[in-house]
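I have placed the structure first, in the form of C-alpha cells, so that the comments after it can refer back to it.
Heads up: numbering here begins at 1 and tracks the sequence.
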Amino acid sequence: MSIYKKPGFLQNRPVSYIHRGVDVVDMTIIACFPVAINMAKRKYLSVVLKIQLKKDISMPKFSRRNVLKSTVGAVVLFGGGYAAFKLLNKPPVLDLVRLQSLPIPPLLNSTEIDGRKVFDLTIQKGVSTFVVGTEAETFGYNGNNLGPSLVMNKGDDVVLNVTNNLGEPSSVHWHGLHLPAKMDGGPHQLIDHGDTWRAEFTILNEATTFFYHSHMMHKTGEQVYRGLTGLFIVKDPENEPKLPDQYGIDDIPLIVQDRSFDESGALVYDGKIEGEKGDFILVNGAINPTFQAPAQLVRFRVLNGANARLFNFGFSDNRQFFQVGTDGGLLEKPVAMTRLLLSPAERAEIIVDFSGKESESVKLVSYSDEVSGIAPFWAKDSLDKQVFDVLDITVVPPTENAVTSLPDSLATLVRLNENKASVTRKFVLGMSMMRGNMTINGETMDIDRIDHTVKLDDIEIWEISNPTEMMHPFHIHDIQFQILTRDGQPPAENESGWKDTVLVKQNETVRVIAHFTEFADPDSPYMFHCHILEHEDAGMMGQFVVV
C-alpha cells in the first residue's frame, strides 16, 4: 500500500487515516502502545502493518475473546517488530574520520560603526568530511558547519546582520539573551533566501556562555542537525573573577552533538518524533576529537548541542572538577562534582585542574548508563545504556601566565522573592504519539495564537509538570529564571544559578521564578518550548507577550 511510503506518514494525522484493512491486532497495538504510531515512522511497526494489509482481512467482531487474543498477539508482534528493528537498523560500519585535533570555532571579528559593534553572519550550505573519502552536505554560519564564536562585553551595543544564502528560509535565535522580542530571532523573524535580517540590541546579560541557532518553524530540528549552531560568549571584564580566559588555549568551547551517517558518508536525519539521536559523538563538528590541555586550570564551556540526547559528563578516571557557571551566569561559588547532567540546550562552565599532570591522558566521557528512568525503552538507543567517549585529552606543559588557583567566590546572586510573585502559571507537557504531536496544556503550537500575557516588571512563578514518559528540557525565551523546587525539593547546588533551560524529568514538576523587565511589546511574542527539537517541531511550544 502506497500510504506507507509517504514522507511523514502518521506524523500529523489522526488514527482514522489508517487503512481500514488493518485488523484488530494492529489496532490493539495502537491502543495499548501509543508509541506504535511513531514506530511506524521508524520502520519497524510498518513491517507488521504491511503484512496485515496484504492479508486483506476484514474487521472481526469485538468480542471479549477476540480482544484478549488480539492483545496477546499485539504484544508478540510489537516485541518482534521492535527486536527486528534493532537487528536490522544497526549503524553501518564506516571508516570514520576520528581523533582529529579539536576544532576551535573561530572568533568573528566585528566592525565598530557609530559606537556599535557590527557582526556579519551568512547562513549557507557547505561540505564536511565525516567518513574517509566522502563529503557530506552540511549547514553553517560563515563556513561549512556550525558557526564562529561571537564574543561581546556586557553593555555593548551590537548589530548582527544575518544574510540567508541557504536556499530555504531560516531564522537565528539568540538563545538565552535578554532582548526585545522583535530581535529574539524566533519563528516570527523569518529570513527568506537572499534576504538580510538586522538585529540590534544592547548586551544586558551577565557574563557566561550563550548560543545561537536556527528557530525555523517545523524545521528547527533538521536545520540544527545539519549544522546551524554557534556560541555567543558574553564577558564582563570589570567584574569577572580571575578564571582561565585565553580562548582556544585554556578557555575551550565544547559544542557536543550526536549524528548518524549512511554508507555514502552523508548525514542521516529521520526527524523521529521522539527526538533525533545519532550514532556517533561530535565535538565542535569533529567525531571524538583530541585536545592538548595545558597543565593548569582549564575552563570548558560545555553546550549540549544535541537535538535530543542527554549527556552525563564526567572523566574516565572519575576526577573531580568544578562547575562555575550555568546557562545565565556564574554561580556564587565553585561546585565540586564528578558528574554533570546536561539536557539539550543547557550549558555549563567547568574548571578542570591539570596541574602537574604533564604527559597524562584522560577522556571526557558520558556516563549515560548511570542515568536510569530518563526515557522509556522505546526511546533509548545503545549509547543511552553505556559509557561512551566524548573527547580524548592529553596534558602538555603549562602556558605562560597560567591560572593555577580557583577563587572561593565567583558572583553575588540576587534571589527572587517567591512572595512577590504576581501569578503562578501552570504548564502541563503532553505527548500524543498516536496523532504525532506534542502539546503544552493540551495545545499544539499555533503561530497566530498568544498563549499568555505577562505584565512588564512582574515577577512570576512558572510551574512545569511532565506526566509523560519522556524527559523535556523546558526553555523560556528572553528571561533568565531561578529554579525554586523539583517536586517540592530545592534544586541541586549547581542548579542554583540563573537558567534559561531546565530539565523536567518524567512525572516531575519543576517550579521556576522570573522577573520580566525592560521590554514590552504586545504585538511581538517570545517562545517557550521543549528543547528536544523534534518535540518543538511537533508542537510542544507556545507564545507569550509582555505588555
Side-chain angles (χ1 to χ4, degrees), residues 97 100 102-111 117-131 134-152 158-175 177 183-200 210-233 248 253 255-262 264-269 271 276 278 282-287 289 303 305-307 345 533 537:
V97 179
Q100 59 185 297
L102 175 71
I104 301 297
L107 297 176
L108 183 62
N109 293 324
S110 64
T111 302
K117 292 183 177 179
V118 180
F119 297 83
D120 294 315
L121 284 172
T122 300
I123 311 171
Q124 61 190 60
K125 290 183 178 179
V127 293
S128 301
T129 298
F130 303 108
V131 176
T134 68
E135 289 184 337
E137 182 183 84
T138 49
F139 297 169
Y141 300 100
N142 294 11
N144 289 312
N145 188 21
L146 303 178
S149 293
L150 311 181
V151 178
M152 306 175 193
V158 301
V159 176
L160 295 116
N161 297 313
V162 185
T163 301
N164 182 7
N165 289 337
L166 191 62
E168 61 184 72
S170 189
S171 69
V172 182
H173 169 49
W174 319 110
H175 184 117
L177 292 176
M183 303 299 162
D184 184 51
H188 291 274
Q189 286 85 35
L190 184 69
I191 313 171
D192 285 323
H193 174 71
D195 288 351
T196 296
W197 176 55
R198 182 181 176 91
E200 304 177 61
F210 303 98
F211 71 116
Y212 60 98
H213 62 85
S214 167
H215 212 305
M216 179 69 189
M217 188 78 169
H218 302 307
K219 292 274 289 184
T220 298
E222 182 174 3
Q223 290 192 353
V224 169
Y225 191 88
R226 298 196 181 282
L228 294 187
T229 299
L231 289 186
F232 196 122
I233 298 171
I255 303 173
V256 186
Q257 301 170 308
D258 54 335
R259 299 292 183 260
S260 291
F261 314 99
D262 63 18
S264 72
L267 284 165
V268 175
Y269 181 79
E276 190 77 17
L282 280 67
V283 186
N284 298 347
I287 303 172
L303 161 66
N307 283 37
L533 298 183
D537 285 341

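- With hydrogens and angles disregarded, a donor-acceptor distance shorter than 3.5 Å links the side chain of N284 to the backbone of P253.
- Not counting sequence neighbours, the partners of E168 by the side-chain hydrogen bond (donor to acceptor under 3.5 Å, both in side chains) test are Q223.
- With sequence neighbours excluded, the residues that form a side-chain hydrogen bond (donor to acceptor under 3.5 Å, both in side chains) with N307 are E534.
- Every residue meeting the salt bridge (charged side-chain N to carboxylate O under 4.0 Å, His left out) condition with R226, not counting sequence neighbours, appears here in chain and number order: E222.
- Legend: residues meeting side-chain contact (heavy atoms from CB on, under 4.5 Å) with V118, ordered by chain and number and at least two apart, are I113, D120, V159, N161.
- The two residues L190 and P169 have their closest heavy-atom pair at CD1-CB, 3.6 Å.
- Note that CD1 of I191 and CG of N164 are 6.0 Å apart. Values are rounded to the nearest 0.5 Å.
- The two atoms that bring V131 and V97 nearest to each other are C-CG2, 4.1 Å, heavy atoms only.
- Taking each heavy atom of S171 and M216 in turn, the nearest pair found is OG-N, 3.4 Å.
- Under the rule for a side-chain contact (heavy atoms from CB on, under 4.5 Å), the partners of S149 that lie at least two apart in sequence or sit in another chain are P105, L107, L231, Y247.
- Considering only residues two or more places apart in sequence or on other chains, H188 meets the ring pair (Phe, Tyr, Trp, His ring centres under 6.0 Å) condition with none of them.
- When the side-chain hydrogen bond (donor to acceptor under 3.5 Å, both in side chains) test is applied to T220, the partners found at least two apart in sequence or on another chain are E536.
- Here the closest heavy-atom approach between residue G305 and residue R259 is recorded as O-NH2, 4.4 Å.
- The aromatic rings of H175 and H213 sit tilted, their planes meeting at an angle between 30° and 60°.
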Take L303 and T229, measure what side chain to side chain contact (heavy atoms under 4.5 Å, CB included) needs, and give me the verdict at the end. CA-CA 10 Å; L303 161 66; T229 299; 4.0 Å; yes
Assess the residue pair L228 and L166 against the criterion (side chain to side chain contact (heavy atoms under 4.5 Å, CB included)); give the C-alpha distance rounded to whole Å, side-chain angles, the decisive distance to 0.1 Å, and a yes or no. CA-CA 11 Å; L228 294 187; L166 191 62; 4.2 Å; yes
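- In this structure, W174 contributes its side chain and M183 its backbone to a donor-acceptor pair below 3.5 Å.
- Going from atom CD of Q257 over to atom CD1 of I287 covers 12.0 Å, rounded to the nearest 0.5 Å.
- A distance-only check finds a donor-acceptor pair linking the side chain of H218 to the backbone of D537 [under 3.5 Å].
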Go through S214 and Y225 one step at a time and tell me if the side chain to side chain contact (heavy atoms under 4.5 Å, CB included) criterion holds. CA-CA 10 Å; S214 167; Y225 191 88; over 6 Å; no
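- In this structure, L121 and P148 approach most closely via the heavy-atom pair CD2-CG, 4.0 Å.
- Atom CG in N142 sits 11.5 Å away from atom CZ in F119 (nearest 0.5 Å).
- A distance of 11.0 Å separates CD of Q124 from CG of N145, quoted to the nearest 0.5 Å.
- Of all heavy-atom pairs spanning L146 and G285, the tightest one is CD1-N, 3.6 Å.
- Residues L160 and L150 meet the side-chain proximity criterion, which asks for heavy atoms closer than 4.5 Å.
- Scanning for side-chain hydrogen bond (donor to acceptor under 3.5 Å, both in side chains) contacts around D262 gives S264, with sequence neighbours left out.
- Scored by the side-chain contact (heavy atoms from CB on, under 4.5 Å) test, A136 finds F130 as partners (sequence neighbours excluded).
- Under the ring pair (Phe, Tyr, Trp, His ring centres under 6.0 Å) criterion, Y141 pairs with Y212, sequence neighbours left out.
- For N144 (side chain) and G126 (main-chain N/O), no donor-acceptor pair under 3.5 Å exists by modelled atom type.
- Aromatic ring orientation, H173 versus H215: perpendicular (interplanar angle above 60°, classes split at 30° and 60°).
- The ring pair (Phe, Tyr, Trp, His ring centres under 6.0 Å) search around F210 returns none, not counting sequence neighbours.
- Around atom NE2 of H193, more than 12 heavy atoms belonging to other residues, nucleotides or ligands sit under 6.0 Å away.
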